[in-house]
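First the structure, in the form of structure tokens, and then the observations on it.
Computed from a predicted structure; not experimentally measured. Sequence positions, counted from 1, serve as the residue numbers for this chain.
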Amino acid sequence: MADKKNLRTPIVCVMGHVDHGKTTLLDKIRGTAIVSGEAGAITQHIGATEVPIDVIVNKLGDPKLRDRFIVPGLLFIDTPGHHAFTTLRSRGGALADLAIVVVDINEGFKPQTYESLQILKRFKTPFVVVANKIDKIGGWISQKNLPFAATFKKQSEDVQARLETKLYEVIGELYNQGFAADRYDRVTNFQKTLGVVPVSAVTGEGIPDVLMVLLGLAQKFLEANLQYSATGPGVGTVLEVKEEKGLGATLDVILYDGTLKKGDTVVIGSLGEPIQTKVRALLKPRELSEIHYESKFKQVKKVTAAAGVKISAPGLEGALAGSPIRVATEETLDEIVAQV
Ligand code: GTP
Ligand code: MG
């Protein structure tokens, strides 16, 4: 068995149609308010946030659960739902170990819901479906942050029936797309059947349930991938090339495998020849903050996968968003330049 200290943090991509509540769901999980800072509340980039396991277990409301999980935390990737951003969604989908597909239970499936499912099918990514905005079902009486079963019990029979009808429309659509699915508390084997969790990202109802299902998937992912401890040479993807005051061009990177250290030689894709440079500084966003919006970074000597990190190094101007970045040694440099 691999050293538990070096377990790789699973990457969880949040996908779905525009305005169905992806960023709001993440805000609820992190305890932040990113949505309110977005222009027209539309996400236009890929965001990345690390959420440590302790923060997640806190939301489950039972500290005893902490020991059940070997997962060190989750790296959440937010994607835009607007139709213009197919490339960003595929990029997010390609990076994901696991995913959350968010669908507005009142609106049902929309073009980018289907698109998200296609991407996840293509990469064979395990995922959970979140049927969001249950607080907007007619007659629903919100019960802040309660688990789904508890809030469901408090609704009238009419309202319960309304939810079940809408939920079964979602389950039917998933079936049409080739996925067996059911309300998550009726699923016995999450490897075979998709769990659908009814939630409200605004009131927090059902959020503990989403996290529970997600941690279950993350645990299975790690058990299957324990050999990928995060100690090898770093491999990642460039999310953004950004000009920063005093640093010049920097890269926001998702490191999805291995370790990246200050002073490492890295090879990065560009329009012409790959860039070869030495890492001058590694900058991490504060805990629970998203790399795209962060203004305060702390310098670190190394990062291990999966993580979001800003890289400062000479000669990054020509780097391309979406291209690979890899750590090279003297022996592997030529081979890695050729691969990149
Ligand atoms: P894009 O990033 O543009 O694809 O949208 P998104 O999926 O991130 O949606 P976002 O989280 O920005 O939410 C869109 C709108 O729906 C916002 O006004 C949210 O406040 C609202 N919203 C999200 N979740 C819920 C919910 O559970 N209930 C209610 N009533 N409103 C919600
Ligand atoms: Mg968003």
| Considering only heavy atoms from C-beta outward, does the side chain of Pro10 approach that of Val71 to under 4.5 Å? | yes
| query | Would you find a donor on one side and an acceptor on the other, under 3.5 Å apart, between the side chain of Ser289 and the backbone of Pro285? | reply | no
| Would you call Lys133-Asp104 a salt bridge at under 4.0 Å N-O? | yes
| Glu205 and Ser200: side-chain donor and acceptor closer than 3.5 Å? | no
| request: Examine the side chains of Thr203 and Asp135 and answer whether a donor and an acceptor come within less than 3.5 Å of each other. | output: no
| query | Considering all heavy atoms of both residues, which atom of Gly93 and which atom of Cys13 are nearest to each other, and what is their separation? | reply | N-SG, 4.1 Å
| field | Where Val129 and Val170 come nearest, the two heavy atoms and their spacing | value | CG1-CG1, 4.4 Å
| So Leu316 and Ile268, side chain to side chain contact (heavy atoms under 4.5 Å, CB included) or not? Walk me through it. | CA-CA 9 Å; Leu316 295 177; Ile268 307 146; 3.5 Å; yes
| Gln219 side chain to Phe69 main-chain N or O, any donor-acceptor pair under 3.5 Å? | no
| Heavy-atom pair with the smallest gap, counting every atom of Gly269 and Val340 | N-CG1, 3.5 Å
| note | Shortest non-hydrogen pair, Ala99 vs Leu214, comes out as O-CD1, 4.5 Å
| query | What distance do Arg326 atom CZ and Thr237 atom OG1 have between them, rounded to the nearest 0.5 Å? | reply | 11.0 Å
| field | ILVMFWY cluster, Leu65 and Leu217 together (side-chain gap under 4.5 Å) | value | yes
| message | Could you measure the distance from the NZ atom of Lys296 to the CG atom of Leu283? Nearest 0.5 Å is fine. | response | 14.5 Å
| task | Decide yes or no for Pro198 and Leu167: does some side-chain heavy atom of the first lie under 4.5 Å from some side-chain heavy atom of the second? | result | yes
| Is it the case that one hydrophobic cluster holds both Val199 and Phe190, taking links as side-chain heavy atoms less than 4.5 Å apart, direct or via other members? | yes
| Check: Phe179 ring centre within less than 6.0 Å of Phe127 ring centre | yes
| field | Identified side-chain hydrogen bond (donor to acceptor under 3.5 Å, both in side chains) partner of Thr43 from the options Asp19, Thr23, Thr79 | value | Thr23
| task | Would you confirm whether His17, through its side chain, and Gln112, through its main-chain N or O, come within 3.5 Å as a donor-acceptor pair? | result | yes
| field | Ile105 CD1 to Arg162 CZ distance, which is reported to the nearest 0.5 Å | value | 12.5 Å
| query | With distance as the sole test, does Gln276 use its side chain to make a donor-acceptor pair with the main-chain N or O of Val266 at under 3.5 Å? | reply | no
| message | What's the separation between atom CZ in Arg66 and atom CZ in Arg68, rounded to the nearest 0.5 Å? | response | 12.5 Å
| Stepwise side chain to side chain contact (heavy atoms under 4.5 Å, CB included) check, Lys220 with Gln191 | CA-CA 9 Å; Lys220 282 267 181 283; Gln191 315 282 83; 3.7 Å; yes
| request: Flag yes if Tyr184 and Leu146 sit in one hydrophobic cluster, no otherwise; membership is Ile, Leu, Val, Met, Phe, Trp, Tyr, and two members link when side-chain heavy atoms are under 4.5 Å apart. | output: no
| message | I want to check something: taking the side chain as every heavy atom from C-beta on, are Lys28 and Asn145 in contact at a cut-off of under 4.5 Å? | response | yes
| query | Got a second to check how far Leu215's CG is from Leu74's CG, nearest 0.5 Å? | reply | 6.0 Å
| query | Should Phe152 and Gln160 be marked as a side chain to side chain contact (heavy atoms under 4.5 Å, CB included) after you check the CA-CA gap, both sets of side-chain angles, and the distance that decides it? | reply | CA-CA 7 Å; Phe152 188 68; Gln160 289 183 349; 3.6 Å; yes
| query | Should the heavy atoms of other residues, nucleotides or ligands under 6.0 Å from NZ of Lys242 be counted, would the total exceed 12? | reply | yes
| Can Asp264 and Lys278 be counted as an ion pair, charged N to O under 4.0 angstrom? | no
| said: Against Leu25, only a single residue in Asp78, Ile100, Val202, Asn132 fulfils side chain to side chain contact (heavy atoms under 4.5 Å, CB included); can you say which? | reply: Ile100
| query | In the single-linkage hydrophobic clustering (I, L, V, M, F, W, Y; side-chain heavy atoms under 4.5 Å), do Val238 and Val267 co-cluster? | reply | no
| task | Examine the side chains of Asn176 and Tyr114 and answer whether a donor and an acceptor come within less than 3.5 Å of each other. | result | no
| field | Over 12 foreign heavy atoms within 6.0 Å of NZ, Lys284 | value | yes
| If you draw a 6.0 Å radius around NZ in Lys144, do more than 12 non-hydrogen atoms from other residues or ligands fall strictly inside? | no
| query | Between Asp97 and Arg8, is there a salt bridge with N-O shorter than 4.0 Å? | reply | yes
| task | Would you mind reporting whether Leu174 and Leu117 have side-chain heavy atoms less than 4.5 Å apart? | result | yes
| said: Is there a path of hydrophobic side-chain contacts, each under 4.5 Å between heavy atoms of I/L/V/M/F/W/Y residues, joining Ile207 to Val35? | reply: no
| said: Check this for me, if you would: do Glu244 and Lys310 make a salt bridge, where the nitrogen-to-carboxylate-oxygen distance has to be below 4.0 angstrom? | reply: yes
| request: Could you tell me whether a side-chain N or O of Lys59 sits under 3.5 Å from a main-chain N or O of Ile29, the two making a donor and an acceptor? | output: yes
| message | If only side-chain N and O atoms count, and only distance matters, is there a donor-acceptor pair under 3.5 Å linking Glu107 with His20? | response | yes
| request: Before giving the answer on side chain to side chain contact (heavy atoms under 4.5 Å, CB included), spell out for Val197 and Val128 the whole-Å C-alpha distance, their side-chain angles and the decisive distance to 0.1 Å. | output: CA-CA 8 Å; Val197 190; Val128 54; 3.8 Å; yes
| message | Salt bridge check, Arg89 against Glu115: does any charged N sit closer than 4.0 Å to a carboxylate O? | response | yes
| Going by an N to O cut-off under 4.0 Å, is there a salt bridge joining Asp27 and Arg30? | yes
| message | Testing the 3.5 Å rule here: is there a donor-acceptor pair between the side chains of Thr113 and Ser116? | response | no
| Polar side chain donor-acceptor pair, Thr259 to Thr304, under 3.5 angstrom | no
| note | Between Gly16 and Lys22, the two heavy atoms sitting closest are O-NZ, 3.1 Å
| Distance-minimising heavy-atom pair for Ser270 and Gly318 | CB-O, 3.2 Å
| query | Mind checking whether Lys166 and Ile137 have side chains closer than 4.5 Å, heavy atoms only? | reply | yes
| query | Is there a donor-acceptor pair under 3.5 Å between the side chain of Ser323 and the backbone N or O of Leu320? | reply | yes
| task | Without swapping roles, check the side chain of Gln143 against the backbone of Lys154 for a donor-acceptor pair under 3.5 Å. | result | no
| Any donor-acceptor pair under 3.5 Å from Thr332 side chain to Thr329 backbone | yes
| task | Report the distance from atom NZ of Lys121 to atom CD of Gln177, rounding to the nearest 0.5 Å. | result | 6.5 Å
| Sub-3.5 Å donor-acceptor pair from the side chain of Glu290 to the main-chain atoms of Leu288, do we have one? | no
| message | Under a 4.0 Å threshold between the charged nitrogen and the carboxylate oxygen, would Glu164 count as salt-bridged to Arg183? | response | yes
| request: Could you check if a side-chain atom of Leu260 sits within less than 4.5 angstrom of a side-chain atom of Ile311, using non-hydrogen atoms only? | output: yes
